[in-house]
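One structure below.
Computed from a predicted model, the values in this text were never measured in an experiment.
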Amino acid sequence: MKVVILAGGFGTRISEESQFKPKPMVELGGMPILWHIMKLYSHYGYNEFVICAGYKQHVIKEYFADYFIHTSDITYDFTQGNNVMTVHHNESEPWKVTVVDTGLNTMTGGRVKRVKEYIGNEPFMLTYGDGVSDINITKLVGSHMVSGKMVTMSAYNAGQRYGVLDINSENQITEFREKTQGDGNMINIGFMVCQPEFLDYIEGDDTVLEKEPLERVAKEGQLMAFKHDGFWQCMDTVREKEQLEKMWASHNAPWKVWND
C-alpha cells in the first residue's frame, strides 16, 4: 500500500522558514519533518511514498536525489585521472519515493487527484506533510479493512482550532465540517486510508479535499473514524516548531517510534 503525502502548500503561518523551502522540508533535529513522517510509516513496513509537491518542489526533489550520498560513507578516488566513487557504508531507508509536481496553486484534493496514475487501482494511505504522531499505522489499516468503508480518517481531541468530526457509537463519521463556536469534538489529523474509488469524488485542481469530497463521503456513510489517543502535533507556527525541537533534543519525542 502506497503512502501519499500532501507537501505542496505555501506554509504561510511559518513563513520565517517556508520562504526558503516547503513547510514539509522545515527541519526538526536536523531532518525535515517530512522525513519524520516517512520514518513512522516505514517503521510499520510501508516504504513506498508518493509526495504531492508544489511550492518550491525542486527542494524536495533535490533532497531525495542526494539522500543516498548524504547517508553514506564514501571514498572519492581521483588518483587515476577520473572520479571513482566507493560506498563503504549506507544508512538510507529502503524507500521508493515518487515526487510529483502537482502545481503551485492546486488545492489539497486536486493534488491527490493529480497523482492518481502513481497510486494505481488499489487502497492507499494519505496524510499531511506537517504533523507528527505516534499513531499505530498497523491498527489504522486493520481498522479500515474491517470497516469496509471508503475512507478511514484518524480522529484526535486537540482543542478548537481545526475542522471537527461528529462520530456515532459505531465509529462512523456522520458529519465532517468546519468547527463552530463551542465545539469540543475530535478533529481530523490526517493519517487516512482510502479506497481507490475515493479519487472519483475529487473534481480537479480547485477541489479542497476537506470540503466536497470528504463531506460527501461522510453523508453517504462511507467515512469512518480511527480514534487516536496518543501524541499528535502539527507544525503550523515557529512556536510549534520550537516545542517539537525541544522534545527531540531532550530525547522525549513521542513520535519517534523507530529505532536508530
Inset, instruction - Give a yes-or-no answer on whether the side chains of S42 and W258 include a donor-acceptor pair shorter than 3.5 Å. - result: no

Legend entry - 4.5 Å side-chain heavy-atom contact, C52 and V100: no

Inset, instruction - Kindly state each residue pair satisfying side-chain hydrogen bond (donor to acceptor under 3.5 Å, both in side chains) with at least one member in residues 116-125, sequence neighbours excluded. - result: K2-E122

Legend entry - Heavy-atom check, side chain of H88 versus side chain of T86, under 4.5 Å: yes

Inset, instruction - Group every Ile, Leu, Val, Met, Phe, Trp and Tyr by side-chain heavy-atom contacts under 4.5 Å, then state whether L126 and V115 land in the same group. - result: yes

Which side-chain N or O atoms in residues 139-151 pair as donor and acceptor under 3.5 Å with protein atoms at least two apart or in another chain?
| from | atom 1 | to | atom 2 | distance (Å) |
| --- | --- | --- | --- | --- |
| H144 | ND1 | T152 | OG1 | 2.8 |
| H144 | NE2 | Q195 | OE1 | 2.8 |
| S147 | OG | H144 | O | 2.8 |
| S147 | OG | K149 | N | 3.2 |
| K149 | NZ | G221 | O | 3.2 |

Legend entry - Flag side-chain contact, heavy atom, 4.5 Å: I5 against Y128: no

Legend entry - Test item: N188 and Y156 side chains (from C-beta on) under 4.5 Å apart, heavy atoms: no

Inset, instruction - In plain terms, say whether E245 and K241 are close enough for a salt bridge, that is, a side-chain N and a carboxylate O under 4.0 Å apart. - result: yes

Inset, instruction - Ignoring hydrogens and angles, tell me if any N or O in the side chain of R111 forms a donor-acceptor pair with the backbone of G8 under 3.5 Å. - result: yes

Legend entry - E212 and T207: side chain donor to acceptor below 3.5 Å: no

Legend entry - Side chain to side chain, L40 and V132, heavy atoms closer than 4.5 Å: no

Name the atoms and distances for all side-chain donor-acceptor pairs under 3.5 Å in residues 57-64, with sequence neighbours left out.
| from | atom 1 | to | atom 2 | distance (Å) |
| --- | --- | --- | --- | --- |
| Q57 | OE1 | K61 | NZ | 2.8 |

Legend entry - Side-chain touch M153/M224, heavy atoms, less than 4.5 angstrom: no

Legend entry - Side-chain donor-acceptor pair present, S133, H228, cut-off under 3.5 Å: yes

Legend entry - Euclidean distance, L34 CG relative to L6 CG, rounded to 0.5 Å: 11.0 Å

Legend entry - Any donor-acceptor N or O pair under 3.5 Å, side chains D77, T75: no

Inset, instruction - Mind telling me whether W95 and Y67 have parallel, tilted or perpendicular rings, with 30° and 60° as the class edges? - result: parallel

Inset, instruction - Determine yes or no for a side-chain-to-main-chain donor-acceptor pair under 3.5 angstrom, with H36 supplying the side chain and L28 the backbone. - result: yes

Inset, instruction - Kindly determine whether T108 and E210 satisfy side chain to side chain donor-acceptor pair (under 3.5 Å), including the steps that lead there. - result: CA-CA 8 Å; T108 48; E210 300 79 9; 3.0 Å; yes

Inset, instruction - Give a yes or no on whether a salt bridge exists between R216 and E220, defined as a side-chain N under 4.0 angstrom from a carboxylate O. - result: yes

Legend entry - NZ/NE/NH1/NH2 to OD/OE distance under 4.0 Å, D205 and R114: yes

Legend entry - Sidechain-backbone polar pair: K96 side chain, N47 backbone, donor-acceptor under 3.5 Å: no

Legend entry - Flag side-chain contact, heavy atom, 4.5 Å: F198 against V112: no

Inset, instruction - Give a yes or no answer on whether the side chain of D134 reaches the backbone of F231 with a donor-acceptor pair at less than 3.5 Å. - result: yes

Inset, instruction - Compare all side-chain heavy atoms of N105 with those of Y55 and state whether any distance is below 4.5 angstrom. - result: no

Legend entry - Under 3.5 Å donor-acceptor, Q172 side chain and N168 backbone: no

Inset, instruction - Report yes or no: do M107 and L214 belong to one cluster of Ile/Leu/Val/Met/Phe/Trp/Tyr joined by side chain heavy-atom distances under 4.5 Å? - result: no

